[in-house]
Trainee: 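I have a structure here, written as structure tokens, and I will follow up with some questions on it.
We use all heavy atoms of the structure for the numbers below, so side chains are in, but hydrogens, waters and symmetry mates are not.
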Amino acid sequence: MRIMEQSRPRKKLGLVAGALALIMAASLALMVNSSLRESATMDELAHIPAGYSYVKLGDFRLNPEHPPLLKALAAFPLLFAGLNFPTDARAWTSDVNGQWEMGTLFIYQSGNNADLIIQLSRIAPMMLTLLLIFFTWALAKKIMGEKWALIPAAFAAFSPTFLAHGHYVTTDVAAAFGIMSATYFFVKAIEKDTWKNLGIAGIFFGIAQLLKFSMFLLVPFFMLLAAIWGTAKALRSDKGKRLKAWLLQIPLQLKNLAIVFIIGYALIYPVYALFTVNYPVERQVSDTEYLMGSLIKEGGIGGLLAETTVKMAGNRITRPYAEYALGFLMVSQRASGGNTGYFLGEVSGGGWKHYFPVVYALKEPLPFLLLAIAALGSGLYAFARKPKKTIKSLPETVATRFPEIAVGIFILVYAVVSIRSPLNIGIRHLMPILPFIYVLSVETMRLRFGKAAKPIMAVSLAWLAVGTIISTPYYISYFNEIGGGVWNGYKYVTDSNYDWGQDLKRLAKFAKENNIDKIATDYFGGGNPKYYIGEERVEYWWSAKGNPADSGIKWLALSVNTLQQAKARPAEGFDRKEEDTYPWLSNPYEPYARVGTSIFVYKLAE
């Protein structure tokens, strides 16, 4: 009898594990299917050669503005492909951070198989995406149990945003994985602060720092969580002992934080040391001086940090940390400077305060949006009914439902930081909070809606499945019904939300099927038109060159991202020349054909 009772939980867990494995396998299949049809996206052109130079040569001169871990993992399979890497090119020998040129040379112009390089490099990002799905389930399991946890895991697995960016060699899904895994283990360590738990939390905190520099946000986030946990524990003590309990919690939580942060930042050193071992010291110093030149001239704290970084680069002991500091400072500079982009009929280089809320509303599947709104509304309603009781019970709530508190706080903190940022280049920058939103929304619905929650979740999953199937394999161009769907989302926003260069292989197929002997291309992305279409059949073009028909070229292929930046109204203070607006292109939004979702093809003459 006892054996039968023990076998039931095991059988139940086995079914859950099987369901989770099936969800992950289906997600992987969808990513692979999409990946095989697509050319390299813009950032992959820089990340792939950089990662290969780290693992093959132990040299970090390329792409220092991103930590190495994702790029190195992506490049590892390339070590066995017998590739040529052009170390005699100027982009390597003398240019400072010649990442884009090296990407073109390595992938397309060194006798290598470009598609093999791209597809092998995408294995690691897809594996990280699967790990993200697993940790979404694991965190949700702590909150709502193993069965219900399958729902947010499925949301992450079949979200068009994750299916799109989950197979690219970029740091976005890696960042989401870093946040999710580090938070999972830190919450576990806070609840039970054993040396083992703190050590694992420190390792995953370090891994997160090696995936993306924005993961530094975990430092204040973890400090806030520790303060909330310590304060809640103190408030649960007898009334006369609360001050003493709180004073005892301060050194305890500081100790826990110190262990996690020390282990995490200690992990950074050997990884950077490994990938800078063959980076000449003199070259590292000169590269750092060049890249930090503007910051040094500005002076102030930033200038002091830049000068210190240069000095550290010249020391064989400290130079791994110098390279980490260089990347961190480069990203900080870029994040404060914005990026040229198209949004709601306007082109600007300074960003928009409402960018991320609008993009989230247009690109996130409607079942997710409705669940999030319903969950938020029901939570606010519950608070409004009994605000005093809710506030009074906070210490108990923190103690018994700390993972949910952590999830909610991170959503709030990250959303505020994102909205304030002028670097508006895609929903991919919101990806770290999306799994948290799925977890919190499902749990709130489960608690607030009772028996009705199950059919609501069933409808949501079915709705998501239909939307995902319809958008296959154009996940990067996915927009929900409000945003006009896959084919019309470009009217609202482009860049990595819609057009990142993924359709070049489809353009090559179009040119072949239509017997095009010469085509002008103004292409935005990480692909190489001459590699795929043919050296003699492609003429690189831009607006100021005039009408290709005047040069005897009958066809023009134009990336929709470039088109929108050329035709949209300039924001105040944004300078754009008339010659860059394709004034000679008649009916720019009525092309002869459309390749994939993101390339418009014009027939200029019969």
Trainee: For K545, does the NZ atom have more than 12 heavy-atom neighbours from other residues, nucleotides or ligands under 6.0 Å away?
Mentor: yes

Trainee: Please, which pairs that meet ring-ring contact (aromatic ring centres under 6.0 Å, His included) have at least one residue in residues 533-563, sequence neighbours excluded?
Mentor: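 For residues 533-563, and leaving out neighbouring residues, the ring-ring contact (aromatic ring centres under 6.0 Å, His included) pairs sorted by first residue read W555-Y592.
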
Trainee: Check the surroundings of atom NZ in K56: do more than 12 heavy atoms from other residues, nucleotides or ligands lie under 6.0 Å from it?
Mentor: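 No, the 6.0 Å shell around NZ holds no more than 12 heavy atoms from other groups.
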
Trainee: Quick one: pull up OG1 in T468 and OH in Y478 and give me the separation to the nearest 0.5 Å.
Mentor: 7.0 Å

Trainee: For F106, give me all partners under ring-ring contact (aromatic ring centres under 6.0 Å, His included), at least two apart in sequence or on another chain.
Mentor: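 Counting only residues at least two positions away or on another chain, F106 forms a ring-ring contact (aromatic ring centres under 6.0 Å, His included) with Y52, F85.
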
Trainee: Under the side chain to side chain donor-acceptor pair (under 3.5 Å) rule, what do Q109 and Y531 come out as? Steps first, then yes or no, please.
Mentor: CA-CA 8 Å; Q109 298 177 4; Y531 178 87; over 6 Å; no

Trainee: Here's a test for you: under ring pair (Phe, Tyr, Trp, His ring centres under 6.0 Å), which of F328, Y265, F205 qualifies with F216?
Mentor: F328

Trainee: Between Y490 and N561, is the side chain to side chain contact (heavy atoms under 4.5 Å, CB included) condition met? List the steps.
Mentor: CA-CA 8 Å; Y490 75 92; N561 184 67; over 6 Å; no

Trainee: In terms of relative ring orientation, are Y324 and Y272 parallel, tilted or perpendicular, with 30° and 60° separating the classes?
Mentor: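 Rings of Y324 and Y272: perpendicular, as their planes differ by over 60°.
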
Trainee: Any chance OH of Y269 has more than 12 other-residue heavy atoms, nucleotides or ligands included, within less than 6.0 Å?
Mentor: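 Enclosed: over 12 neighbouring heavy atoms sit under 6.0 Å from OH of Y269.
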
Trainee: Parallel, tilted or perpendicular, judged at 30° and 60°: which one describes the rings of F600 and Y602?
Mentor: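 Ring orientation of F600 relative to Y602: perpendicular.
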
Trainee: What pairs with D499 under salt bridge (charged side-chain N to carboxylate O under 4.0 Å, His left out), at least two apart in sequence or on another chain?
Mentor: none

